[in-house]
Number of protein chains: 2
Amino acid sequence: MTQPQTKYRSRCSIARTLDVLGDKWTLLVVRDLMWHGKHTFQELQASEEHIAANLLSERLKRLMALGLVAREAYQDRPVRYRYALTEAGRSLEGLLLQIMGWGHAHLGGGLYDPQAGRTVADATPDGPQ
Amino acid sequence: MTQPQTKYRSRCSIARTLDVLGDKWTLLVVRDLMWHGKHTFQELQASEEHIAANLLSERLKRLMALGLVAREAYQDRPVRYRYALTEAGRSLEGLLLQIMGWGHAHLGGGLYDPQAGRTVADATPDGPQ
DNA sequence: CATAGTCACTTTAATTTTGAAAGTGACTCG
DNA sequence: CGAGTCACTTTCAAAATTAAAGTGACTATG
């Protein structure tokens, strides 16, 4: 009986979360799916930060493999997909809000109110103040 | 007058936070400083996840440049430093707790109670359940 | 019918980051 | 003197990111 190959660096929940979401792009894709009504490849790619197409493709595959995103065809011939968060994917909203709150308080980023569906505090160009 | 070179990819608070903390190691260093009483280079390096020395060195420099960590000499000849979170660094606790909560619920990682100073739920080897 | 355009990717190649190991400098201890 | 400790830095191969170009399956236009 072989040792069950561990998927994660450690037992720590923070390390495990970083193993799957710890990069500069994944949570931006989740943000766009969660709040900004972006659901096609093109819409996701057109976001302000301009993720490279190969990375977007790879990240969507990973999020689907994790069960955080699912896709369904919105067109045949050629088949094209619409991506959406699953229930598990939507559970990341608290995390996004916390990250946004910190970035607003400490890095001068904007504040988005998902309830209102709009920005309620503008960003400063470079940092806080 | 030159355009003030923007430090961040975008005005979004989430993108800005990921610009500075979005990798697999930075928040583990913060975790160890915040909760696990690890303050010297050696202690930080000895953590379960085994960060490479060059990365630890670079991350500590970045965290200091961001004002999230400060160091003070605890010994002369040779001078050696103890690293600690600043007030701004300690403000990341909510974020760590949120990340930990998500990783516990969805990836089966352990739960640490900072109040009690101990693990209150063990991790499962590979995932949730 | 040929050509241009759209969408969703994939491929390619240069650059950057990472990871693991080994090395360095300033000491202390035996 | 030689070994050991601590806090790094250096080195270099491997992996990830970036930007650009290319592909395939169509639809719309002249």
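Atom set for the values below is all heavy atoms of this structure, side chains included, hydrogens, waters and symmetry mates excluded. Chain letters run A, B, ... following the sequence lines, proteins first and then strands; every chain starts at 1.
Atom-to-atom, CZ of A/Phe41 to C1' of D/dT23 comes out at 14 Å; the value is rounded to the nearest Å. Between A/Arg77 atom CZ and D/dA25 atom C1' the separation is 10 Å, expressed in whole Å. Whole-Å rounding puts the B/Ile51 CD1 to C/dG19 P distance at 8 Å. Rounded to a whole Å, the CG atom of A/Leu28 is 11 Å from the P atom of D/dT18. Put simply, CD on B/Glu58 is 12 Å from P on C/dG19, counting in whole angstrom units. Atom C1' of nucleotide D/dT9 and atom CD of B/Gln45 are separated by 12 Å, given to the nearest angstrom. D/dC6 atom C1' lies 13 Å from atom CG of B/Leu56, rounded to whole Å. With rounding to whole Å, A/Lys24 atom NZ is found 16 Å from D/dA15 atom C1'.
The side chain of A/Arg80 lies closest to C/dC7 when the candidates are C/dC9, C/dC7, D/dC8. Checking D/dC8, C/dG19, C/dA8 against the side-chain heavy atoms of A/Tyr74 singles out C/dA8 as nearest. Here D/dT10 is the nucleotide among D/dC6, C/dC7, D/dT10 with the atom lying nearest to any side-chain atom of B/Asn54. Residue A/Arg71 places its side chain closer to C/dC9 than to any other of C/dA8, C/dC27, C/dC9.
Dashed line: the shortest gap from a side-chain N or O of A/Ser57 to OP1 or OP2 of C/dT10 is under 4.0 Å. Phosphate proximity of D/dT9 to B/Lys61: present, with a side-chain N or O under 4.0 Å from OP1 or OP2. In terms of phosphate contacts, A/Trp25 brings no side-chain nitrogen or oxygen within less than 4.0 Å of OP1 or OP2 of D/dA16.
Aromatic ring pairs are classed by plane angle as parallel below 30°, tilted from 30° to 60° and perpendicular above 60°; the pair B/His106 and B/Trp102 is parallel.
Of the two residues near DNA chain D, A/Val79 and A/Leu55, the one whose nearest nucleotide lies more 5' is A/Leu55. Ranked by how close their nearest DNA chain C nucleotide is to the 5' end, B/His50 and A/Leu60 are led by A/Leu60.
Ion pairing between A/Glu87 and A/Arg90 holds under the 4.0 Å rule for side-chain N and carboxylate O.
Judged by distance alone, the side chain of B/Thr40 and the main-chain N or O of B/Glu43 form a donor-acceptor pair under 3.5 Å.
Within the nucleic acid shown, B/Arg59 comes within 4.0 Å of sugar-phosphate atoms alone, with no base atom in reach, counting heavy atoms only.
Here the CD1-CD1 distance, from B/Ile99 to A/Ile99, works out to 5.5 Å after rounding to the nearest 0.5 Å.
In summary, the aromatic rings of A/Tyr74 and A/His39 are positioned with their centroids too far apart to meet the 6.0 Å limit.
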